Enquirer: 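Here you go, one structure.
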Amino acid sequence: MKGSASETVAFEYDKIRDFLNFEARLLDQRKFDEWNALFTSEGMYWVPLADQQLDPVNHLSLVYEDAMMREVRINRLRHDRAWSQQPRSRTAHNVSCIVIEASYPDQGRVIVGSSFMMSEWRSFGLRTFAGLYTHDLRVSKDGYRIAEKRVDLIDSEGVFEPIEVFI
Amino acid sequence: MTQATLPVVDIDALVRADEVHRDCYVSPAVFDLEMERIFGQAWVYVGHDSQIPAAGDYWTTLIGRESVVMTRDKQDAVHVLYNRCPHKGARVAPEGCGHVKGLFRCPYHAWTFNMDGKLRGVPYREGYEGTAFDIEDPRFSMKKVARVANYRGFVFASLAEEGVSFESFIAGVKSSLDNFCDRAPNGTVSVAGGVFRVMQRSNWKVFFENLNDTGHPIATHESSYRAARQYSNEKLDGEMPFQLHIIDGNGASPKFWSDLDLHAFDYGHSYMTAIFNAPEDPLSKAYFETLAEAKGEAAAREVLAVNRHNTIIYPSCSPHTSFQQWRVIRPISPDRTLVEIFTFRLDGAPEELLQRTFIYSNVVNSPSSIVMTDDVHVYAECQKGLETQGGDWVSQHRNAGQDQPYEGPDGGVIGVGSSELPIRNQFRAWHHYMSESTTPQAKESGS
């Protein structure tokens, strides 16, 4: 697999930025089904536990979820007896510093880095998550699809209260 | 005197045979006394020696309010020291896991210490000539905690010079520590994959009570087991892959829970028989082969026949022997508890088994667990309710008076799976520790 920044011209930066903003907005609007549909069928949502973690299989992760586990999480978030979702989490994302880290036009693949902050309000108050996103995107006829969304929290090895929604 | 500065707490008035007073959970004076009398006396889990495999390795943690560091020296001995420089008091070892080249060096004035805490060097030596300073005097070395025990790699420490031996303390649940290790073809286990850290807005005892509480899963975890079943029914024709199977287990019938056995022992320990049968998929069979090769088939079957859910080693940790999880409970304040979750490799087992262990841990013990979040929520709700004037007593009546002495392996007391036996048993130990008016530790600091 070869790629270089010079080839990024094949991808339209504005569309990628719009896609990342759209994705974050779906989460903030609790449109979880639409959000989940942005992934490829094998797509993974990954929040590593360690700094610079290379491997989601041979190490613990804060989250490593496929389509099934994301959907179960979504089912739970909607359940009337999701006790810890009373009141429901409300979130606001900011995505910025979007850069195209690598592109593979022949494979319809582009890897996008960005910074984010997510504020979340829930029963115990307001808290903030911050970190770096790495989106491994595929171009399809329906637009971009997520093969992997990696969320590197700056405090991934710190102490957490339960995390319920997607970051 | 230490004793005179402590508020008066009438321990006998707080604990009855089948209920306890809410002050046990919310009173700062009770919490202070717990730090002295329970965490100042009991054998408290420090860490596993695989976290410090080489000379110069260290791991910092808490025993009650005491910042301590577990170290390994060049002779391969493991030490537990108070993490405090005898000079100005700075913590010598940085937080967490790390390595130093043979000696600690205080970041403040560069006093250096061997891994056993012995003072090695002091800058400006000439300035100490003619003073009371003596490099050989133990009070100028890092202080060792009073007693340390290392059982098959699991390191426990007691801050009290005197008290029950580790062997007597652990007797009831020693079989769980053995089973934890015996499941490894090599007979040893090692910490792997990182540490989850979860803060709970509740008293440490609330979490301990939950660990063997079979009354809560069907109510507390309804959202997650319903979500798993919904997916299974809609997308998989009712099939339950491993992750969904784990989540689904909480929705078992009351009869299922009642039919489990609860075993309770002295010093607050207990364990529950397993919720899940040993899996029989290809990976489990491959694992069994490696275990049978190492031990012989009969011995391997015997090891796997000991199938338990949570074991409680009061007041500091809870191993899950079948899925190699180890939860460590650190009280922070009356309404804050830090839980650290470690995952272990069974040395000599197929690497895929560890990968499955990580999957289990990701589902059940991650801060992002869709199961645990409802637990942590109800713990906080308990804490908030107990802080009100709505009632002074907390019920432990379920199957009270029905516990029976157990004549089988490990002895102790047995109760039906739905019993609140483990909770009553924890408070029996709590009362025992809290009634000890002084410890050698307290005497020393009060003199």
Side-chain angles (χ1 to χ4, degrees), chain A residues 32 36 41 44-89 122-125 127 129 151 153 155-167, chain B residues 96 192-201 219-232 234-236 241 243-244 247-248 332 336 338-343 345 351-352 354-359 361-363 365-378 380-381 384:
Chain A
F32 297 128
N36 205 14
S41 58
M44 298 299 294
Y45 167 66
W46 182 24
V47 187
L49 174 62
D51 187 16
Q52 314 279 324
Q53 188 173 328
L54 297 174
D55 181 347
V57 175
N58 293 291
H59 194 281
L60 294 170
S61 294
L62 290 168
V63 191
Y64 186 59
E65 290 183 341
D66 59 8
M68 174 179 83
M69 291 310 292
R70 291 194 303 271
E71 187 166 331
V72 171
R73 180 178 293 276
I74 292 166
N75 289 346
R76 179 193 167 269
L77 285 167
R78 293 205 178 111
H79 197 276
D80 289 343
R81 289 179 177 165
W83 309 115
S84 59
Q85 280 290 295
Q86 298 176 354
R88 298 197 158 188
S89 293
R122 45 170 297 184
S123 59
F124 52 71
R127 64 175 168 175
F129 295 88
V151 182
L153 294 169
D155 58 346
S156 66
E157 290 166 295
V159 176
F160 289 96
E161 296 194 66
I163 302 166
E164 297 180 80
V165 294
F166 303 98
I167 300 167
Chain B
V195 190
F196 288 138
R197 294 189 171 87
V198 178
M199 188 64 80
Q200 304 176 347
R201 294 180 183 241
T220 303
H221 299 303
E222 184 170 348
S223 66
S224 52
Y225 68 74
R226 293 272 182 225
R229 288 173 184 182
Q230 183 188 340
Y231 186 89
S232 171
E234 289 175 0
K235 302 281 170 75
L236 301 172
Q243 290 146 300
L244 302 191
I247 300 168
D248 172 63
I332 305 298
R336 287 290 188 284
L338 174 65
V339 177
E340 294 188 318
I341 302 116
F342 296 84
T343 303
R345 168 189 282 112
E351 207 60 17
E352 293 79 9
L354 179 62
Q355 293 170 358
R356 186 165 71 185
T357 300
F358 289 146
I359 291 172
S361 198
N362 281 344
V363 172
N365 278 323
S366 163
S368 302
S369 164
I370 65 168
V371 178
M372 189 216 290
T373 181
D374 284 314
D375 280 319
V376 174
H377 175 80
V378 296
E381 293 302 301
K384 285 178 193 157

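Sequence lines set the chain letters: A, B, ... in the order given, protein chains first and strands last, and positions in each chain run from 1. Computation of the quantities below employed the complete heavy-atom set of this structure, encompassing side-chain atoms and omitting hydrogens, waters and symmetry-equivalent molecules. The structure displayed is predicted, hence computed values, not measured ones.
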Enquirer: Yes or no on side-chain contact (heavy atoms from CB on, under 4.5 Å) for M69(A) and I247(B), after CA distance, side-chain angles and deciding distance?
Expert: CA-CA 11 Å; M69(A) 291 310 292; I247(B) 300 168; 4.0 Å; yes
Enquirer: Pick one of side chain, backbone, both or neither for M68(A), based on which atoms fall under 4.5 Å of a heavy atom in chain B.
Expert: both
Enquirer: Hey, can you tell me if W46(A) and Y64(A) have their rings parallel, tilted or perpendicular (30° and 60° cut-offs)?
Expert: perpendicular
Enquirer: Closer than 4.0 angstrom, basic N to acidic O: yes or no for E71(A) and K235(B)?
Expert: yes
Enquirer: Just give me the residue among V339(B), T220(B), L338(B), I370(B) that pairs up with chain A most often, heavy atom to heavy atom, under 4.5 Å.
Expert: I370(B)
Enquirer: Any side-chain donor paired with an acceptor under 3.5 Å for R76(A) and S223(B)?
Expert: yes
Enquirer: Under the side chain to side chain donor-acceptor pair (under 3.5 Å) test, which residues partner S123(A), sequence neighbours left out?
Expert: none
Enquirer: In a check of side chain to side chain contact (heavy atoms under 4.5 Å, CB included) between R201(B) and each of R336(B), H377(B), K384(B), E381(B), which one passes?
Expert: R336(B)
Enquirer: Please classify the contact between A50(A) and chain B as side chain, backbone, both or neither, with a heavy-atom cut-off of under 4.5 Å.
Expert: neither
Enquirer: Taking every non-hydrogen pair under 4.5 Å, which of T357(B), L244(B), N365(B), D375(B) racks up the most with chain A?
Expert: L244(B)
Enquirer: Which bit of L49(A) is near chain B, if near means a heavy-atom gap under 4.5 Å: side chain, backbone, both or neither?
Expert: side chain
Enquirer: Considering only heavy atoms, which portion of V376(B) lies under 4.5 Å from any heavy atom of chain A: side chain, backbone, both, or neither?
Expert: side chain
Enquirer: Against chain A, label M372(B) side chain, backbone, both or neither, depending on which of its atoms sit under 4.5 Å from a heavy atom there.
Expert: neither
Enquirer: At a heavy-atom distance under 4.5 Å, which candidate from L62(A), L60(A), V47(A) has the highest pair count against chain B?
Expert: L60(A)
Enquirer: Quick check on H79(A) against chain B: is it the side chain, the backbone, both or neither that has a heavy atom closer than 4.5 Å?
Expert: side chain
Enquirer: If I measure from the heavy atoms of chain A, does A380(B) come under 4.5 Å with its side chain, its backbone, both, or neither?
Expert: neither
Enquirer: Identify which of L77(A), N58(A), V63(A), D55(A) forms the greatest number of heavy-atom pairs closer than 4.5 Å to chain B.
Expert: N58(A)
Enquirer: Assess the residue pair F129(A) and V151(A) against the criterion (side-chain contact (heavy atoms from CB on, under 4.5 Å)); give the C-alpha distance rounded to whole Å, side-chain angles, the decisive distance to 0.1 Å, and a yes or no.
Expert: CA-CA 10 Å; F129(A) 295 88; V151(A) 182; over 6 Å; no
Enquirer: Which one wins on heavy-atom pair count under 4.5 Å against chain A: P241(B), S366(B), S368(B)?
Expert: S368(B)
Enquirer: With a 4.5 angstrom heavy-atom cut-off, is it the side chain or the backbone of I359(B) that approaches chain A, or both, or neither?
Expert: neither
Enquirer: Does a sphere of radius 6.0 Å around CZ in R81(A) hold more than 12 heavy atoms from other residues, nucleotides or ligands, not counting ones at 6.0 Å or beyond?
Expert: no
Enquirer: Is there a donor-acceptor contact under 3.5 Å linking the side chains of S84(A) and E164(A)?
Expert: yes
